[in-house]
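In what follows, a structure is listed as structure tokens, so that the remarks can point back to it.
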Amino acid sequence: MSTDADTPTQAGPREWWGLAVLALPTLLLSIDVSVLHLAVPHISEGLDPSASQMLWIIDIYGFLIAGFLVTMGTLGDRIGRRKLLLIGAAAFGVASLAAVFADSAAALIAARAAMGLAGATLMPSTLALIINMFQDARQRGVAIAVWVTMFSVGIALGPVVGGAMLEYFWWGSVFLLGVPIMGLLLVTGPILLPEYRDEDAGRLDLASVALSLAAILPVIYGLKEIANDGFGAVPVAAVVVGLVVAVLFVRRQRTLESPLLDLGLFRTATFRTALVTLLLSMLVAGGTYLTVTQYLQLVGGESPMSAGLFLLPAAFALILTAVLSPMAASRFRPAYVVAAGLVVSAVGHLLLSTADSTSGIAQVVTGFAFVYAGGGPLIALGTDIVVGSAQPEQAGSAAALSETSTELGMALGVALLGSLGAAVYRAGVELPASVPEYAGDTLAGAVEAAKGVASQAEVTSLLASAREAFTDGLNVIGAIGTVVALASAVLVAVVVKLPPTGAGDDSAESGAPAAPVGAEG
């Protein structure tokens with residue numbers, strides 16, 4: 001039986017207003033993921049970057065976020081999560097201004113790199129603070145649900161917001177959003193957000209920092225290059241080197257008194273299962289999102305802004321299921337709620353696996369909405385299980401692992417499923433004799449090549465074949481997503497044994513952290 005001393009402290013108005021503040025940078029970071037793709041033609045016209053420079057402009061941001069998440073999550077445990085959040089907010093605002101006024105491709109690459117480094121401080125800090133601010137299991141589930149849905153809303157809104165800004169302003173305007181949002185965070189953060197740190201944390205092991213970067217960055221780089229250009233000696237070697245260094249990193253952590261990454265977090269099957277399920281689901285989501293957005297524009301013929309609007313039903317479905325999931329988890333086992341959501345996602349993937357290139361976009365939009373609706377419980381409750389299983393002093397490390405799993409899953413999805421979709425396209429497309437060979441590489445290439453073909457009959461034949469081949473790739477990705485979602489549902493239902501959050505002692509039974517250690521107002 002729980003006592004008053006054991007009952008988790010209920011969050012008050014200050015914590016909920018603090019959550020609103022923490023949701024803003026999350027929304028901004030996710031908008032920034034998708035908005036840049038719209039600005040590529042405008043950047044090319046304004047800065048005249050080379051093809052390699054343009055790839056770095058696009059990729060360097062996510063590249064550095066993924067590489068520095070573990071380091072920044074652990075650094076927040078040591079110096080204070082609010083302090084790191086505010087430092088990152090200031091750096092992100094300055095870097096955004098640098099991107100706005102960049103006058104060369106090199107300057108924009110440097111600004112985007114700084115934005116990625118600053119973004120790596122923001123993501124684990126916000127999630128760790130939420131875990132510390134909301135100790136009651138049900139309140140924490142709702143708070144995480146609100147927080148994570150902002151990321152998906154931002155991804156869906158990115159094309160809409162970016163399209164509107166590019167219609168009326170220059171390409172640098174897409175980076176201006178970061179300045180007022182980070183300014184608001186800097187003003188309200190010290191008032192609404194408490195400080196948390198691990199008072200017993202040892203010194204930051206710089207060798208572990210170097211090893212973590214040498215493990216993560218080559219893997220992400222290799223995967224991105226494989227996604228762009230296919231398998232080659234350099235990207236494959238980069239992945240292998242990263243995996244070897246990862247083994248060395250793990251071995252070093254086991255010998256340190258104050259490791260950069262607490263491997264003890266992996267001792268529980270619940271933690272491991274939730275982390276792996278998040279990784280696999282984000283992998284499928286990354287490949288699916290990439291393919292669906294291209295389908296809407298290149299097969300469905302929608303503009304970027306219109307495609308963004310077609311993605312909004314999925315975002316709203318995710319918001320609804322993510323917010324309702326903690327309430328369902330108070331009556332039913334969280335594992336069953338997550339598993340039920342994954343079954344819904346499987347239905348969505350099944351719809352994508354049977355879509356065609358001629359019947360319109362309704363089935364694809366509906367299927368994608370089911371995918372997102374089913375992912376809401378996993379994102380809300382899965383993240384809560386991963387991070388909530390840690391003690392307050394471990395929250396930064398657990399948050400960093402959760403975010404790293406998400407980022408790595410998205411990168412793997414783009415790389416592996418994106419490459420698979422491209423391979424299906426190349427195998428299925430039929431090119432008329434007069435069409436350049438690059439039309440056989442991507443659907444975008446085929447659309448571009450069609451502009452130079454004089455014969456209308458050949459244009460019609462080329463585009464019909466290319467769109468059908470691309471849709472075949474979407475079908476394969478949908479089939480894989482169906483299998484992954486159903487297998488993950490079974491895994492979670494069997495392994496995760498947590499009781500409903502409304503049963504008994506919420507703190508003890510749900511893996512909620514105990515009272516904060518080293519908390520300051």
Side-chain angles (χ1 to χ4, degrees), residues 30 33-34 37-38 152-160 162-163 281-321 341-376 410 413-414 416-429 442-447 463-486:
S30 60
V33 169
S34 56
H37 292 278
L38 289 178
S152 291
V153 170
I155 289 178
L157 286 178
V160 180
S281 296
M282 290 304 103
L283 184 154
V284 172
T288 302
Y289 181 84
L290 173 70
T291 310
V292 167
T293 53
Q294 292 184 73
Y295 179 96
L296 292 176
Q297 296 179 66
L298 299 176
V299 178
E302 302 296 330
S303 67
M305 185 180 297
S306 178
L309 292 173
F310 273 116
L311 295 176
L312 287 180
F316 290 138
L318 186 145
I319 292 172
L320 181 63
T321 58
L342 289 170
V343 172
V344 172
S345 280
V347 172
H349 286 296
L350 187 62
L351 287 173
L352 296 178
S353 73
T354 58
D356 60 48
S357 62
T358 59
S359 61
I361 61 177
Q363 183 171 338
V364 171
V365 171
T366 302
F368 192 60
F370 270 89
V371 170
Y372 261 41
M410 292 290 284
V414 172
L416 300 181
L417 295 185
S419 296
L420 177 61
V424 173
Y425 171 83
R426 288 192 294 269
V429 66
T442 65
L443 177 55
V447 172
L463 293 181
S465 175
R467 287 166 178 161
E468 183 177 350
F470 182 88
T471 306
D472 288 342
L474 173 65
N475 297 155
V476 172
I477 292 172
I480 293 173
T482 303
V483 174
V484 170
L486 291 176

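Computed from a prediction, not measured in an experiment: that's the story for all the values here. In this chain, numbering begins with 1 at the start of the sequence shown.
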Mind running side chain to side chain contact (heavy atoms under 4.5 Å, CB included) on Val484 and Ser345 for me, showing each step along the way?
-> CA-CA 10 Å; Val484 170; Ser345 280; over 6 Å; no
Could you pull out the closest heavy-atom pair between Ala317 and Ala369, with the gap in Å?
-> CB-O, 3.9 Å
For Gln363 and Leu351 the tightest heavy-atom approach is NE2-O, 2.8 Å
Please walk me through it: do Leu320 and Phe316 pass side chain to side chain contact (heavy atoms under 4.5 Å, CB included)?
-> CA-CA 6 Å; Leu320 181 63; Phe316 290 138; over 6 Å; no
Thr321 side chain to Gly374 main-chain N or O, any donor-acceptor pair under 3.5 Å?
-> no
Could you state the interatomic distance from CZ (Phe368) to OH (Tyr289), rounded to the nearest 0.5 Å?
-> 6.5 Å
Measure the spacing between OG1 of Thr482 and CG of Leu342 and express it to the nearest 0.5 Å.
-> 12.0 Å
Partner of Leu296 by side chain to side chain contact (heavy atoms under 4.5 Å, CB included), out of Thr291, Leu309, Val365 | Val365
Mind running side chain to side chain contact (heavy atoms under 4.5 Å, CB included) on Val371 and Val284 for me, showing each step along the way?
-> CA-CA 10 Å; Val371 170; Val284 172; over 6 Å; no
Only distances under 3.5 Å count here; give the side-chain donor-acceptor pairs of residues 466-475 to other protein atoms, sequence neighbours excluded, each with its distance to 0.1 Å.
residue : atom : partner : partner atom : Å
Arg467  : NE   : Leu298  : O            : 3.2
Thr471  : OG1  : Arg467  : O            : 2.7
Asn475  : ND2  : Leu352  : O            : 2.9
Asn475  : ND2  : Ser353  : O            : 3.4
Asn475  : ND2  : Ala355  : O            : 3.0
Asn475  : ND2  : Thr471  : O            : 3.4

